[in-house]
S.K.: 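First the structure, which I've put down as structure tokens, then a few questions once you've had a look.
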Amino acid sequence: MNSFTDNFTINGITLTAQPICRQGEVLTPDALEFVGKLHRATAERRQELMQARHARRNAISSGQDPRFLPQTEAIRNDPSWRVAPPAPGLEDRRVEITGPVDKKMTINALNSGAKVWLADMEDSSTPTWRNVIQGQLNLTDALERRIDFTTPEGKEYKLKAAEDLPTIVVRPRGWHLPEKHMLIDGKPIAGGIVDFGLYFFHNARRLLAQGKGPYFYLPKIENHLEARLWNDIFILAQDLLGIPQGTIRATVLIETITAAFEMEEILYELRDHASGLNAGRWDYIFSLIKNFRTRGPRFVLPDRGQVTMTQPFMRAYTEQLVRACHRRGAMAIGGMAAAVPNRKDEAANTASFEKVRADKTREANDGFDGSWVAHPDLVPVCREVFDSVLGEAPNQLTKSREDVTPDDRALIDIASTQGTITEAGIRQNIEVGIRYIESWLRGNGAVAIHNLMEDAATAEISRSQLWQWIHSHAITEHGDIISREWVQDMLDEEFARLERFDGDRFADARSIFEEVTLTEEFPTFLTIPAYARYLTEAREEATAEELVAA
């Protein structure tokens with residue numbers, strides 16, 4: 001742990017973390033000055049938007065269903081506006097691979113054969129100081145082709161030829177996550193501004209020289225005003241570096257239930273910088289549970305594994321997303337295939353591939369321009385499906401989906417969801433939640449559990465479902481009422497089954513899991529208390545404001 005005297009300040013930014021190797025290449029005085037300007041210009045608005053999230057969530061929990069906004073009806077009804085045309089390297093996005101920005105994943109993703117790599121600094125990356133800085137170094141090293149390495153066991157990791165590499169699209173952290181190791185006036189800078197600002201400052205000109213540009217995925221946006229804030233940051237960032245306006249392109253993840261009611265408005269706010277929307281299915285399910293968790297049986301979902309993309313409310317979400325995108329000239333990108341191939345089990349692999357193929361076939365036929373996978377072995381599966389639908393075309397922007405009627409009631413028609421709650425589903429949520437948090441605490445934010453790639457979003461579904469089932473007195477398929485005591489008993493049993501190892505963080509993971517699952521209050525994100533308590537140099541409790549206003 002650092003003492004206060006270990007802190008040092010550069011250009012008005014105080015750094016509190018123990019320095020790591022090569023961080024001076026990232027945290028240059030000019031880069032920090034740039035990040036500080038972005039922060040100072042937007043911090044107050046960001047806080048206001050966080051408070052607005054809290055107010056909106058309170059209104060929904062009090063019985064106010066979200067609807068299409070009457071005050072933005074003119075934007076939706078105006079057929080004339082379009083987003084910017086596809087930027088270089090983003091014309092064809094038929095298969096995108098996503099993963100954290102550690103050195104091994106960076107090389108594997110760039111060598112995967114995908115068209116786009118989502119370089120993830122968010123839900124599949126634990127925001128330790130080492131990961132934050134090393135991720136920036138890895139991205140620059142990859143662009144400079146100096147990232148190749150050999151493991152102690154002799155395995156070589158080496159980038160393919162430049163023309164064979166995918167376009168990099170970076171996902172910074174969401175607005176709710178602070179970077180407590182970078183302070184201005186004693187207050188943390190938003191993690192998203194740190195991730196965006198450092199990558200843009202160091203690499204925007206480098207990317208342009210390579211014939212592409214600085215491209216981003218924007219996570220956790222809840223409404224068009226949050227998109228407007230990002231757009232203003234883009235304008236300021238481009239001005240500060242003297243880069244032409246419209247150089248930045250952003251794809252917004254529609255992964256909150258409230259954003260689904262403002263898809264066209266979000267595109268409109270970002271229109272000079274917008275490249276598309278993505279159906280962020282896992283966070284979307286979590287957001288729905290979070291917002292409607294106290295609204296009774298009408299909003300209770302079955303086991304996580306039964307909440308598929310063919311459920312009516314998920315079909316409404318994806319079809320309306322494709323329509324909104326293509327009406328405005330934006331790309332529609334499908335959700336992540338979370339399957340992780342098991343090369344030692346051919347039968348399981350075949351079944352897994354068929355599920356992914358069916359999922360991607362539905363997306364391609366619905367008009368999506370591409371989709372996500374989490375593992376390099378799934379790139380050929382996804383590509384094959386989209387190749388068969390796209391043919392020689394780079395995308396499906398001409399598929400307008402005017403047959404889809406925007407329907408705000410359908411987006412929250414949870415009552416039509418088919419499925420049951422099972423004891424096995426409860427136990428799976430417990431196991432996945434604890435095992436994921438344990439891995440996250442050790443610095444690994446993407447972990448394969450039962451042949452599925454779990455990240456923060458899927459862990460959020462696990463714990464929020466349990467919280468909702470307990471508070472709704474939900475009933476299992478066998479007629480058992482789910483109580484806190486019963487879940488606690490199952491948690492004890494599942495915890496006892498976990499395979500322990502030297503240096504594991506299961507005790508800490510259990511503590512966090514119980515805090516975000518079994519307490520009366522509902523922390524908005526499990527990563528907030530976990531980050532505050534275990535990943536900052538000055539171990540602390542998350543503040544009440546952080547827990548509820550994110």
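Numbers here simply count residues along the sequence, with the first being 1. Being a predicted model, the structure only gives us computed values, none of them experimental.
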S.K.: Locate the shortest heavy-atom distance separating Ala119 from Val101; write the atom from each residue and the value.
M.R.: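 Looking at all heavy atoms of both residues, the shortest contact is CB-CG1, 3.5 Å.
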S.K.: So Glu25 and Arg22, salt bridge (Lys or Arg N to Asp or Glu O under 4.0 Å) or not? Walk me through it.
M.R.: CA-CA 6 Å; Glu25 297 174 38; Arg22 293 181 63 199; 2.7 Å; yes
S.K.: Please tell me if the side chains of Asp164 and Leu110 come closer than 4.5 Å, counting only heavy atoms from C-beta onward.
M.R.: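 No; the side chains remain at least 4.5 Å from each other.
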S.K.: Rounded to the nearest 0.5 Å, how far apart are OG1 of Thr106 and CG of Leu139?
M.R.: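 Answer rounded to 0.5 Å: 6.0 Å.
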S.K.: So, Arg171 side chain and Leu218 main chain: donor-acceptor pair closer than 3.5 Å or not?
M.R.: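 Such a contact is absent between Arg171 side chain and Leu218 backbone.
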S.K.: Would you say Ile449 and Val447 make side-chain contact, with heavy atoms under 4.5 Å?
M.R.: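 Yes, side chains in contact.
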S.K.: Measuring from Cys325:SG to Leu267:CG, what's the distance to the nearest 0.5 Å?
M.R.: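 Cys325 SG to Leu267 CG: 5.5 Å, rounded to 0.5 Å.
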S.K.: Could you verify whether a donor N or O on one side chain and an acceptor N or O on the other, from Thr458 and Glu454, lie under 3.5 Å apart?
M.R.: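 Yes, a side-chain donor-acceptor pair sits under 3.5 Å.
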S.K.: Hey, does the side chain of Glu460 reach the backbone of Leu526 with a donor-acceptor pair shorter than 3.5 angstrom?
M.R.: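 At least one qualifying donor-acceptor pair exists.
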S.K.: Mind checking the NE2-OG1 spacing from His224 to Thr258? Nearest 0.5 Å is all I need.
M.R.: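 It comes to 11.5 Å.
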S.K.: Are Asp232 and Arg45 ion-paired here, with the side-chain N under 4.0 Å from a carboxylate O?
M.R.: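 Counted as a salt bridge, because a side-chain N and a carboxylate O are separated by less than 4.0 Å.
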S.K.: Are Val516 and Pro529 close enough that some pair of their side-chain heavy atoms sits under 4.5 Å apart?
M.R.: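 Yes. Closest side-chain heavy atoms under 4.5 Å.
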S.K.: Measure the CG-CG distance between Leu165 and Asn111 for me, rounded to the nearest 0.5 Å.
M.R.: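 Result: 6.5 Å between the selected atoms.
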S.K.: Would you say Phe513 and Tyr436 make side-chain contact, with heavy atoms under 4.5 Å?
M.R.: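 No. Closest side-chain heavy atoms not under 4.5 Å.
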S.K.: Out of Glu96, Glu122, Met121, which residue meets the side chain to side chain contact (heavy atoms under 4.5 Å, CB included) rule with Tyr217?
M.R.: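 Filter result, single survivor: Glu96.
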S.K.: With distance as the sole criterion, is a donor-acceptor pair present between the side chains of Asn203 and Arg206 under 3.5 Å?
M.R.: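 Yes.
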S.K.: Using atom types as modelled and distance alone, determine if a side-chain donor or acceptor of Asp377 lies under 3.5 Å from a backbone N or O of Val340.
M.R.: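 Such a contact is absent between Asp377 side chain and Val340 backbone.
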S.K.: Give a yes or no on whether a salt bridge exists between Arg173 and Asp195, defined as a side-chain N under 4.0 angstrom from a carboxylate O.
M.R.: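 Between Asp195 and Arg173 there is a salt bridge, with a charged N closer than 4.0 Å to a carboxylate O.
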S.K.: Are the charged groups of Arg94 and Asp92 less than 4.0 angstrom apart, N to O?
M.R.: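 Salt bridge flag = yes for Asp92 with Arg94.
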S.K.: Can you find a heavy atom in the side chain of Met314 that is under 4.5 Å from one in the side chain of Thr308?
M.R.: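 Result no, sub-4.5 Å side-chain heavy-atom pair not found.
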S.K.: Applying side chain to side chain contact (heavy atoms under 4.5 Å, CB included), run through Thr140 and Arg146 and close with a yes or a no.
M.R.: CA-CA 9 Å; Thr140 300; Arg146 61 188 182 212; 3.7 Å; yes
S.K.: In Å, rounded to the nearest 0.5 Å, how long is the span from CE of Met331 to CG of Asp369?
M.R.: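 One gets 5.5 Å once the value is rounded to the nearest 0.5 Å.
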S.K.: Whether the Glu269 and Asn231 side chains hold a donor-acceptor pair (N or O, under 3.5 Å, no angle test) is what I'd like checked.
M.R.: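 There is no such pair (donor and acceptor under 3.5 Å, judged by atom type) between the side chains of Glu269 and Asn231.
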S.K.: Hydrogens and angles aside, do Gln23 and Trp129 bring a side-chain donor and acceptor to less than 3.5 Å of each other?
M.R.: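 Yes, side-chain donor-acceptor contact under 3.5 Å.
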S.K.: State whether the side chain of Asn11 and the backbone N or O of Leu32 hold a donor-acceptor pair below 3.5 Å, judged by distance alone.
M.R.: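 Flag not set: sc Asn11 to bb Leu32 has no pair under 3.5 Å.
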S.K.: Verify, without hydrogens or angle tests, whether Asn349 (side chain) and Asn342 (backbone) share a donor-acceptor contact under 3.5 angstrom.
M.R.: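 Side chain of Asn349 to backbone of Asn342: a pair is present.
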S.K.: What I want to find out is whether Asp102 reaches Arg130 closely enough, with some N-O distance under 4.0 Å, to be called a salt bridge.
M.R.: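 Between Arg130 and Asp102 there is no salt bridge, as every charged N stays at least 4.0 Å from the carboxylate O atoms.
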S.K.: Within 45 degrees of the axis of the six-membered ring of Tyr534 and under 6.0 Å from its centre: does Arg505 put its NZ or CZ there?
M.R.: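 Judged by the rule, Arg505 and Tyr534 form a cation-pi pair.
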S.K.: Would you say the ring centroid of Trp117 lies under 6.0 angstrom from that of Tyr215?
M.R.: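 Here the rings of Tyr215 and Trp117 have centres that are no less than 6.0 Å from each other.
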S.K.: With a 3.5 Å distance limit and no angle check, can you tell me whether Thr151 reaches the backbone of Lys155 through a side-chain donor-acceptor pair?
M.R.: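 Checked: pair present.
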S.K.: Walk me through whether Val373 and Met336 qualify under side chain to side chain contact (heavy atoms under 4.5 Å, CB included).
M.R.: CA-CA 5 Å; Val373 298; Met336 184 176 75; over 6 Å; no
S.K.: For a salt bridge (Lys or Arg N to Asp or Glu O under 4.0 Å) check, start with the C-alpha distance between Glu226 and Arg46, then their side-chain angles and the critical distance, and finish with the verdict.
M.R.: CA-CA 8 Å; Glu226 294 185 15; Arg46 185 177 69 87; over 6 Å; no
S.K.: Mark yes or no for whether Asn278, through its side chain, and Gly334, through its backbone, hold a donor-acceptor pair below 3.5 Å.
M.R.: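 Yes: the side chain of Asn278 pairs with the backbone of Gly334.
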S.K.: For a quick test of reading the model, state the closest non-hydrogen atom pair linking Ile184 to Gly12 and the distance between them.
M.R.: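 Nearest pair, atom of Ile184 first, then Gly12: CG1-O, 3.9 Å.
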S.K.: Can you find a heavy atom in the side chain of Leu15 that is under 4.5 Å from one in the side chain of Thr9?
M.R.: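 No, every pair of side-chain atoms sits at 4.5 Å or beyond.
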S.K.: Side chains of Ile285 and Leu301: does their closest heavy-atom pair fall under 4.5 Å?
M.R.: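 The answer is yes; the side chains approach within 4.5 Å.
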S.K.: So Tyr157 and Phe149, would you call those rings parallel, tilted or perpendicular, with 30° and 60° as cut-offs?
M.R.: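 Ring orientation of Tyr157 relative to Phe149: parallel.
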S.K.: As an exercise, state the distance from CD1 of Ile461 to CG of Leu466, rounded to the nearest 0.5 Å.
M.R.: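 Reported to 0.5 Å precision, the distance equals 12.0 Å.
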S.K.: Considering non-hydrogen atoms only, spot the tightest contact between His176 and Lys220 and give its length.
M.R.: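 Heavy-atom minimum between the residues: CE1-CG, 3.9 Å.
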S.K.: Would you please indicate yes or no on a ring centroid separation below 6.0 angstrom for Phe216 and Tyr199?
M.R.: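 Under 6.0 Å, so yes.
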S.K.: Do Ile248 and Phe200 have side-chain heavy atoms sitting under 4.5 Å apart?
M.R.: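 Yes, their side chains come closer than 4.5 Å.
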S.K.: Can we call the ring centroids of Phe196 and Trp230 under 6.0 Å apart?
M.R.: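 Yes: the rings meet the under 6.0 Å criterion.
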S.K.: Do you see a donor-acceptor pair shorter than 3.5 Å between the side chains of Glu363 and Ser371?
M.R.: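 The criterion, which ignores hydrogens and geometry beyond distance, is satisfied for Ser371 and Glu363.
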S.K.: Please check if the side chain of Asn291 supplies one atom and the backbone of Ser287 the other of a donor-acceptor pair under 3.5 Å.
M.R.: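 Present.
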S.K.: Find out whether the Lys NZ or Arg CZ of Lys290 is both under 6.0 angstrom from the six-membered ring centre of Phe525 and within 45° of the ring's axis.
M.R.: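 Here Lys290 passes the 6.0 Å and 45° test against Phe525.
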S.K.: Give a yes or no answer on whether the side chain of Tyr317 reaches the backbone of Ile254 with a donor-acceptor pair at less than 3.5 Å.
M.R.: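 Yes, Tyr317 side chain to Ile254 backbone: donor-acceptor pair under 3.5 Å.
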S.K.: Kindly give the heavy-atom pair with the smallest separation between Asp148 and Lys158, and that separation in Å.
M.R.: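 Taking Asp148 first and Lys158 second, the nearest heavy atoms are OD2-CG, 3.0 Å.
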S.K.: Can you classify the ring geometry of Phe522 versus Trp467 as parallel (below 30°), tilted (30 to 60°) or perpendicular (above 60°)?
M.R.: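 Because their plane-to-plane angle is over 60°, the rings of Phe522 and Trp467 count as perpendicular.
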S.K.: Hey, are Arg533 and Glu515 close enough for a salt bridge, meaning a charged N less than 4.0 Å from a carboxylate O?
M.R.: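 Counted as a salt bridge, because a side-chain N and a carboxylate O are separated by less than 4.0 Å.
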S.K.: What are the two closest non-hydrogen atoms of His375 and Pro341, and how far apart are they?
M.R.: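 So the two residues come closest at CG-CD, 3.5 Å.
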S.K.: Look at the side chain of Ser112 and the backbone N and O of Ala114, then say whether any donor-acceptor pair between them is shorter than 3.5 Å.
M.R.: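 Yes: the side chain of Ser112 pairs with the backbone of Ala114.
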S.K.: Evaluate the criterion side-chain hydrogen bond (donor to acceptor under 3.5 Å, both in side chains) for residue pair Glu431 and His450; output intermediate values, then yes/no.
M.R.: CA-CA 10 Å; Glu431 181 197 1; His450 301 312; 2.9 Å; yes
